[in-house]
> 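Let me begin by handing over the structure; questions about it come next.
Quick note: residue numbers are just sequence positions, from 1. The basis for the numbers below is simple: all heavy atoms, side chains too, and nothing from hydrogens, waters or symmetry mates. Small disclaimer: the values here were computed from a predicted structure and weren't measured.
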Amino acid sequence: MSTSAPATALPAMPVWRQYYVLTKPRVVQLIVFCALIGMVLAVPGLPNGAALGRMAIASAGIWLVAGAAAAFNCLIEKTIDAKMKRTAWRPTARGELSDRQALAFSVVLCAIGSAILYVWVNPLTMWLTFATFVGYAVIYTVILKPLTPQNIVIGGASGAMPPVLGWTAMTDMVGPEPLILFLIIFLWTPPHFWALALYRVEDYRKSGLPMLPVTHGNEFTRLQILLYTFILLAACLLPFIYRLSGWLYLVAAVVLNAGFIWHAFQLWRHYSDQQARKTFRFSLIHLSLLFAALLVDHYLI
């Protein structure tokens with residue numbers, strides 16, 4: 001069966017939606033949400049009108065640059081995407097958008113987003129956001145992902161940057177508080193992504209990417225997921241220990257990490273694709289609710 005069959009069987013998308021899909025909107029929404037948490041935590045008490053305006057402008061700039069990085073990723077990985085059921089529907093994989101169109105779209109988004117951050121937020125946030133673009137679109141996508149099974153571990157640094165970007169947008173400086181949030185996302189990324197890679201292992205094997213389940217096997221990957229969830233638990237306690245948060249966050253962190261560890265333990269003991277999917281989905285719930293708890297707790301301290 002041709003690898004392009006799943007893609008060509010799908011109806012064509014409107015052109016505007018093709019470009020929208022390139023930005024990986026669900027991923028970007030989570031990025032902006034985590035950046036927004038960094039912004040909120042950087043402002044003591046309730047933000048005033050000026051602070052809210054700055055948050056909105058910074059979120060727009062970060063969204064545009066993150067979307068540009070996603071579009072560039074789709075361009076670079078179009079051949080790989082075409083071989084995988086999960087990504088074969090993307091416009092670049094289907095050939096609906098040309099390389100020139102995708103590249104121009106990425107450049108325009110990055111330029112506009114960077115200009116917004118430089119002019120209306122601050123140069124530090126712009127440069128950090130641009131460095132994140134380079135880290136994800138170039139260092140991770142072009143260099144790390146096709147070369148090493150530790151790609152998601154090292155490349156996870158780019159994905160962990162949003163709270164730092166949000167914090168610098170409001171303070172024009174990097175402190176220990178956003179670095180704690182960075183560490184949480186950095187340690188969350190491998191078990192989150194490896195759970196997905198476990199039940200998509202055949203896709204990754206066909207694509208030729210050296211993902212951990214392909215290079216080291218199912219059992220080794222499951223053990224790594226479990227071990228990472230314990231390390232993640234320790235990192236998630238740091239906001240409370242550093243007094244960045246209070247008891248509400250601590251309770252939420254303990255409960256959410258206990259749930260993540262339980263899912264990882266079940267995955268380690270008795271593997272099934274269904275359990276891998278449950279672990280992957282719970283990881284998304286874990287991060288979203290963890291940062292939501294930080295947000296709520298911030299206004300209760």
Side-chain angles (χ1 to χ4, degrees), residues 1-7 21-24 26-28 30-31 65-107 109-110 129-162 185-225 228 276 280 283:
M1 182 181 294
S2 171
T3 55
S4 62
V21 164
L22 286 190
T23 66
K24 300 184 181 180
R26 291 185 180 180
V27 176
V28 172
L30 185 58
I31 288 172
V65 178
F72 190 82
N73 172 270
C74 289
L75 169 61
I76 296 299
E77 296 192 337
K78 65 174 186 176
T79 303
I80 294 172
D81 285 347
K83 299 176 182 178
M84 302 174 64
K85 293 179 181 179
R86 184 172 65 91
T87 55
W89 59 276
R90 289 175 178 165
T92 41
R94 298 174 62 175
E96 292 176 327
L97 289 177
S98 68
D99 291 358
R100 180 176 297 180
Q101 288 173 312
L103 179 60
F105 181 62
S106 177
V107 170
L109 287 187
C110 186
T129 306
F130 182 73
T132 302
F133 171 92
V134 174
Y136 175 74
V138 180
I139 297 175
Y140 169 68
T141 301
V142 178
I143 301 174
L144 293 175
K145 195 170 183 179
L147 292 181
T148 172
Q150 291 299 308
N151 46 27
I152 198 63
V153 178
I154 305 169
S158 296
M161 281 296 290
I185 301 179
F186 181 75
L187 294 173
W188 168 87
T189 302
H192 158 75
F193 200 89
W194 285 334
L196 168 69
L198 279 172
Y199 69 86
R200 294 287 189 181
V201 64
E202 291 306 318
D203 269 356
Y204 284 113
R205 186 172 283 116
K206 290 176 184 177
S207 71
L209 292 174
M211 303 307 295
L212 195 65
V214 175
T215 60
H216 288 70
N218 181 292
E219 185 175 352
F220 180 83
T221 303
R222 284 150 48 201
L223 177 61
Q224 294 303 303
I225 291 173
Y228 260 92
F280 172 74
S283 69

> In plain terms, say whether Arg205 and Glu202 are close enough for a salt bridge, that is, a side-chain N and a carboxylate O under 4.0 Å apart.
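Result for this pair is yes, salt bridge flagged.
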> First locate atom OG1 of Thr23, then atom CZ of Phe105, and finally report the distance between them rounded to the nearest 0.5 Å.
6.0 Å
> For Arg90, is there an ion pair with Glu77 - N to carboxylate O distance below 4.0 angstrom?
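Looking at Glu77 and Arg90, the cut-off is not met.
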> Go through the steps for Met161 and Thr129 under the test side-chain contact (heavy atoms from CB on, under 4.5 Å), then give the verdict.
CA-CA 8 Å; Met161 281 296 290; Thr129 306; over 6 Å; no
> Just so I know, are the side chains of Phe133 and Leu109 near enough to count as touching, which here means a heavy-atom distance under 4.5 Å?
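Contact flag for Phe133/Leu109 side chains = no.
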> Determine the minimum heavy-atom distance between Thr132 and Ser158, stating which atoms define it.
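In terms of heavy atoms, the two residues are closest at CG2-O, 3.3 Å.
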> Which pair of non-hydrogen atoms, one from Ser207 and one from Ile80, has the smallest distance, and what is that distance?
CB-CG2, 3.5 Å
> Distance check, rounded to the nearest 0.5 Å: Ile154 atom CD1 versus Tyr140 atom OH?
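Atom-to-atom, Ile154:CD1 and Tyr140:OH are 11.0 Å apart.
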> With rounding to the nearest 0.5 Å, note down the distance linking CG in Leu209 to CZ in Arg200.
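One gets 14.0 Å once the value is rounded to the nearest 0.5 Å.
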> Minimum heavy-atom separation for Gly156 to Phe186, with atom names?
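For Gly156 and Phe186, the tightest heavy-atom pair comes out as C-CD1, 3.8 Å.
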> Identify the two heavy atoms, one from Thr215 and one from Pro149, that lie closest to each other, and give their separation to 0.1 Å.
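Heavy-atom minimum between the residues: OG1-CB, 3.3 Å.
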> Sequence neighbours excluded and cut-off under 3.5 Å, please list the side-chain donor-acceptor pairs for residues 187-198, or say none.
unit_1	atom_1	unit_2	atom_2	d
Trp188	NE1	Ser283	O	2.9
Thr189	OG1	Ile185	O	2.7
His192	ND1	Ser283	OG	2.7

> Who are the salt bridge (Lys or Arg N to Asp or Glu O under 4.0 Å) partners of Lys78, not counting sequence neighbours?
Asp99
> Any ring pair (Phe, Tyr, Trp, His ring centres under 6.0 Å) pairs touching residues 198-217, not counting sequence neighbours?
His216-Phe220
> Which pair of non-hydrogen atoms, one from Ala93 and one from Ala82, has the smallest distance, and what is that distance?
CB-N, 3.8 Å
> If you look at every heavy atom in Phe72 and Ser106, which pair is closest and at what distance?
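That closest heavy-atom pairing would be CB-OG, 3.6 Å.
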> Can you find a pair of side-chain heavy atoms, one from Leu22 and one from Thr92, that are under 4.5 Å apart?
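Counting from C-beta outward, Leu22 and Thr92 do come under 4.5 Å.
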> To the nearest 0.5 Å, what is the distance between CG (Leu75) and CG (Leu103)?
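Spacing of CG (Leu75) from CG (Leu103) equals 6.0 Å.
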> Once you round to the nearest 0.5 Å, how far does CD1 of Ile31 lie from OH of Tyr136?
7.5 Å
> Return the CG to CD1 distance between Leu212 and Ile152, rounded to the nearest 0.5 Å.
11.0 Å
